[in-house]
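Step one of this worksheet: look at the structure below.
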Protein chains: 2
Amino acid sequence: MALFLSTHINKVDKKGRVSVPAQFRDQLSAEAFQGIVLFRSHAHPALEGFAWSYMEEISRRLENFDLFSAEQDDLATTVFGESVQLAFDGEGRVVLPVDLMQFAGVVEQAAFVGLGNKFQIWDAAELEKRRTEARRNVRDKNLTLPKGEAA
Amino acid sequence: MALFLSTHINKVDKKGRVSVPAQFRDQLSAEAFQGIVLFRSHAHPALEGFAWSYMEEISRRLENFDLFSAEQDDLATTVFGESVQLAFDGEGRVVLPVDLMQFAGVVEQAAFVGLGNKFQIWDAAELEKRRTEARRNVRDKNLTLPKGEAA
DNA sequence: TGGATATTTATGGGATAGCATGGGTTTTGG
DNA sequence: CCAAAACCCATGCTATCCCATAAATATCCA
């Protein structure tokens, strides 16, 4: 299972290409599809990124919603309907579609934020605010990691 | 499970490299990823160090949250997004990123402090102050070890 | 036990390969 | 036939590899 860690800031060139961090590519080396899957975040001006194989896990979790429920439909529409599959070029780059770049407010510096089994892409400047917010939430709500059951 | 004990002080060279104490490396010899994971301590001017497998454990626990939930997002952003993955070189060293060194105030002498399943990296001088403080707390508040349940 | 020899560790520095980035060229498809 | 996308090659920088040394530790054998 891929595990994405740390934050890498890479430049978007005028063709819309960005290097996917080498560390992230390593985590994806065993994947059948050599590339990433992206869609708009539901909560932030950012993009959610996954390994192709993880989309199956998302599908499985969506089935936990009531079939035909409004929520299931909405999620499925945004997640599957609007996701894009981006293949690496020979240098490990992907081309960010313009509409996704605009959605995330990515200008020139794209920040890849590792979040475990997924990652996010932020505009580098915008990310700082998000960071402070996340830190505050963790502290104020006293969020901790439950021991839970192994998945 | 790795068990980090005692304190080792090693030098940071001008390339930013430090030898990870051999005792610590021994504890990590069974790890799939040969290296360490670091992030900023929330409580001290120091860095927290873990084995890769420990991050996998955290990742598993995060999977118990709903996908895209705010809690999952906040935790992952602070824990995974702000961590770095550092591989050993042939001599068992890692390169400390400059921003992390600055955060911990590490100048030249890095102190590796074993804390059980994790360890901390302090500036050697700063650590002395922390030590006296910790001793005083234990004495004044009469801290003891609870029997507790095994984790 | 003791003293000589071999390993391991921490450290230093030069050589090398990999990564991020840029630009040109061919291919594709509408 | 033209534009956009995929492919290919070039480059500077940095991280990684590799070798060397000294000190500390461990090992061995008489």
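Just so we're on the same page: letters track the sequence lines, and every chain starts at 1. Quick caveat, the model's predicted, so the values are computed rather than measured. Values reported hereafter were calculated over all heavy atoms of this structure, with side chains retained and with hydrogens, waters and symmetry mates removed.
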Residues of residues 16-30 of chain A with a heavy atom under 4.0 Å from any atom of DNA chain D, listed by number, are R17(A)
SB check R40(B) D99(B) (cutoff 4.0 Å): yes
Within residues 107-126 of chain B, the residues having a heavy atom closer than 4.0 Å to DNA chain D are none
Residues two or more places apart in sequence or in another chain: which of them pass salt bridge (Lys or Arg N to Asp or Glu O under 4.0 Å) with E56(B)? none
Given that V95(A) and E91(A) both sit by DNA chain D, which one's nearest nucleotide is further toward the 5' end? V95(A)
Students often get this wrong, so: under 4.0 angstrom with heavy atoms, is K15(A) touching a base, only sugar-phosphate, or nothing? base
Check the side chains of Q120(B) and S41(B) for a donor-acceptor pair under 3.5 angstrom, ignoring hydrogens and angles. no
Min and max contacting nt of DNA chain D in 5' to 3' order, chain A heavy atoms within under 4.0 angstrom, are dA6(D) to dC9(D)
Which is the 5'-most and which the 3'-most nucleotide of DNA chain C that has an atom under 4.0 Å from a heavy atom of chain A? dC19(C) to dG24(C)
Whichever of H8(B) and D89(B) has its nearest DNA chain C nucleotide further upstream toward 5': H8(B)
Bend of the helix from dT1(C)-dA30(D) to dG30(C)-dC1(D) from end-axis comparison, five pairs per end, nearest 10°, comes to 60°
Lys/Arg-Asp/Glu bridge criterion (N-O < 4.0 Å) met for D89(A), K15(A): no
If only side-chain N and O atoms count, and only distance matters, is there a donor-acceptor pair under 3.5 Å linking Q109(A) with D123(A)? no
Between K141(A) and E71(B) (salt bridge meaning N to carboxylate O under 4.0 Å), is one present in this structure? no
By the definition salt bridge (Lys or Arg N to Asp or Glu O under 4.0 Å), identify the one residue from E133(A), E128(A), E126(A) that meets it with R130(A). E133(A)
